[in-house]
Amino acid sequence: MASRVSEVAVVGAGYVGLVTGASLARIGHRVTCVDEDGDRVAWLREGKMPFYEPGLEEMVARGTGAGRLSFTEDLDAAVGRADVAFVAVGTPQGDDGAADLTNVSAVARGIGRALARSGRRARPLVVANKSTVPVGSGDYVSALVREGAEEAGDAGAAGEARFGVASNPEFLREGSAVYDSLFPDRIVVGAEEAWVVEAMRALYAPVIEQNFPVEMDPRPSVTVPFVVTDLASAEMIKYAANAFLATKVSFVNEISDLCELTGADVGSVATGIGLDGRIGPRFLNAGIGWGGSCLPKDVSALRAVAREHRHDTKLLDAAVAVNERRRDLAVSKLRDGLATLEGRRVALLGLAFKPNTDDLREAPSLGIAAELLSLGAEVVGYDPVAAKAAAHEAPGLRAVFDPYEALAGAHAAVVVTEWEEVRNLDLRRAASLMREPKLLVDGRNAFAPDDARGAGLLYRGFGRG
Ligand code: UGA
């Protein structure tokens with residue numbers, strides 16, 4: 001059966017908005033991405049991406065080429081014709097750790113105004129929230145849309161069922177966002193009204209049924225679970241998922257410390273426990289710990305919610321404390337191997353918070369670089385994509401685009417981000433370029449210790465006996 005084509009407006013052409021818009025166009029819908037930043041809109045119309053994400057440029061080009069994806073600053077026009085309007089704007093961490101809802105509020109009001117000005121009565125609009133917002137925000141979004149409609153002089157909007165709100169959290173990972181948007185583990189929709197759920201189910205039908213054209217064989221899954229909940233539960237699912245992932249990594253990092261003390265190998269331990277279906281093999285890589293724009297922010301927002309309710313989050317507090325220690329641990333491994341950091345040159349291999357992204361938010365590299373510089377070391381950082389931005393973020397860090405340039409003359413190197421380019425380093429060449437003691441602190445356990453030692457490096461991993 002042919003899927004129904006929906007008209008979609010995606011408000012906010014940032015990371016989540018752009019991937020959402022392009023993937024919905026990819027599965028056959030007509031999508032308008034709206035952004036208030038005129039320069040960004042002009043760039044996108046020329047096919048230029050505002051950030052680095054593998055495969056996104058091609059997916060955007062495919063959508064615009066097929067006439068199914070466009071970009072505009074005109075919120076009224078996009079919302080006026082939409083069946084579904086997504087809110088996909090940032091909810092940065094405020095000073096108190098809680099999510100800052102300024103952007104979400106402005107967009108919700110704007111959608112309300114646009115809805116009223118469009119004057120449409122027959123077709124209701126789904127306002128689907130993709131921004132990560134505190135539990136309970138669905139009602140708040142609903143109130144703001146209504147307020148916006150009233151501001152635009154449409155008092156009737158409050159009384160008539162002309163829109164309904166859904167929470168549709170995003171689970172895509174930076175670096176594999178295109179894949180995640182087309183082949184997700186699940187789609188979660190929280191709503192209080194059945195018609196809203198059905199509109200969202202229809203929108204995602206090609207993904208749920210995996211019946212859109214794809215140049216990939218075999219497809220990774222046959223059907224994708226569509227999870228329907230109330231609004232508050234969908235909002236909580238987003239936070240709980242990220243908090244669980246963060247805790248899982250902190251857990252394996254704590255085990256990693258114990259492995260180091262007892263002579264066990266954390267890689268073998270992760271394999272041994274990960275094969276238990278209840279535990280699962282993913283997110284068990286020990287090392288420098290978690291960073292990025294989501295895990296730290298969302299754990300912190302969840303703790304802020306708990307504080308508001310005067311509730312203790314002992315486990316989450318511990319997950320954060322364990323994670324903060326990881327960067328210090330990297331520095332102390334350097335200090336142990338070099339005796340002093342004063343006047344020593346250290347190469348940081350990989351600067352982005354994880355591979356395949358240029359995102360430096362909460363990147364372990366920045367904290368480690370600042371600490372090493374304060375201890376008198378000279379720091380040279382390599383990253384295939386984020387080098388220039390990192391030099392800007394960490395004054396004193398010399399950033400380069402070639403790993404061997406970073407290694408030349410270095411007394412020590414730290415694997416901070418396991419880019420393919422880092423994993424594929426020629427370790428003999430690295431050793432030949434480095435100065436004694438040629439210390440390699442492997443913050444991602446990316447290399448086999450014997451290979452590194454065989455190449456002439458002094459190897460220190462995490463939790464490797
Ligand atoms: C995370 C979630 O994985 C996504 O599902 C979610 O949609 C996203 O946040 C979001 O809320 O927008 P992301 O921040 O892109 O995605 O990165 P992850 O792949 O989750 O990695 C997070 C951090 O954990 C990275 O610093 C990574 O190096 C670290 N990590 C991950 C480990 O140290 N060990 C592991 O085993 C896995």
Side-chain angles (χ1 to χ4, degrees), residues 12 14-20 23 51-54 88-93 99 130-133 168-181 183-188 235 237-256 266-267 269-271 273-274 279-302 319-320 322-327 329-330 350-368 386 415-419 422 442-446 461-463:
Y15 195 82
V16 168
L18 198 50
V19 175
T20 301
S23 62
F51 48 80
Y52 175 78
E53 179 64 37
V89 289
T91 48
Q93 189 174 324
K130 273 222 172 275
S131 302
T132 302
V133 295
N168 176 212
E170 190 49 73
F171 302 110
L172 52 84
R173 296 160 298 172
E174 292 188 22
S176 45
V178 168
Y179 179 91
D180 291 350
S181 64
F183 310 107
D185 287 345
R186 77 300 204 187
I187 294 168
V188 173
E235 288 160 355
I237 285 170
K238 171 68 193 186
Y239 282 109
N242 275 355
F244 186 85
L245 292 172
T247 307
K248 193 171 181 189
V249 176
S250 281
F251 172 83
V252 80
N253 278 331
E254 188 149 298
I255 295 294
S256 154
V266 73
V269 173
T271 306
I273 63 172
I279 296 174
R282 293 156 79 189
F283 267 69
L284 285 178
N285 297 326
I288 273 174
W290 40 274
S293 57
C294 303
L295 265 46
K297 171 173 82 74
D298 291 352
V299 172
S300 158
L302 203 48
V320 171
V322 167
N323 197 50
E324 281 168 357
R325 276 221 312 265
R326 305 316 289 170
R327 294 148 205 215
L329 195 56
L351 301 168
F353 89 90
K354 66 179 223 179
N356 299 321
T357 177
D358 58 356
D359 199 338
L360 282 161
R361 284 175 286 179
E362 300 284 330
S365 64
L366 300 179
I368 294 172
V415 176
V416 185
T417 314
E418 67 281 29
W419 283 94
V422 173
D442 188 353
R444 299 294 176 185
N445 289 346
F462 282 68

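Counting starts at 1 for both ligands and their atoms, in listed order.
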Visitor: Give me the one residue out of Val266, Asp442, Ile288 that meets side-chain contact (heavy atoms from CB on, under 4.5 Å) with Phe462.
Guide: Ile288
Visitor: Measure from NZ or CZ of Arg186 to the centre of the six-membered ring of Phe171 and say whether it is under 6.0 Å with the direction within 45° of the ring axis.
Guide: yes
Visitor: Examine the side chains of Tyr15 and Glu174 and answer whether a donor and an acceptor come within less than 3.5 Å of each other.
Guide: no
Visitor: What residues, two or more places apart in sequence or in another chain, satisfy side-chain hydrogen bond (donor to acceptor under 3.5 Å, both in side chains) together with Gln93?
Guide: Ser300
Visitor: At a 4.0 angstrom heavy-atom cut-off, what protein residues surround ligand 1?
Guide: Glu170, Phe171, Leu172, Arg173, Glu174, Lys238, Asn242, Leu245, Val249, Phe283, Leu284, Asn285, Gly289, Trp290, Gly291, Cys294, Leu295, Asp298, Phe353, Lys354, Arg444
Visitor: If you look at every heavy atom in Ala243 and Leu302, which pair is closest and at what distance?
Guide: CB-CD2, 3.8 Å
Visitor: Work out which heavy atom in Arg326 is nearest to a heavy atom in Ser256; give both atom names and the distance.
Guide: NH2-OG, 3.7 Å
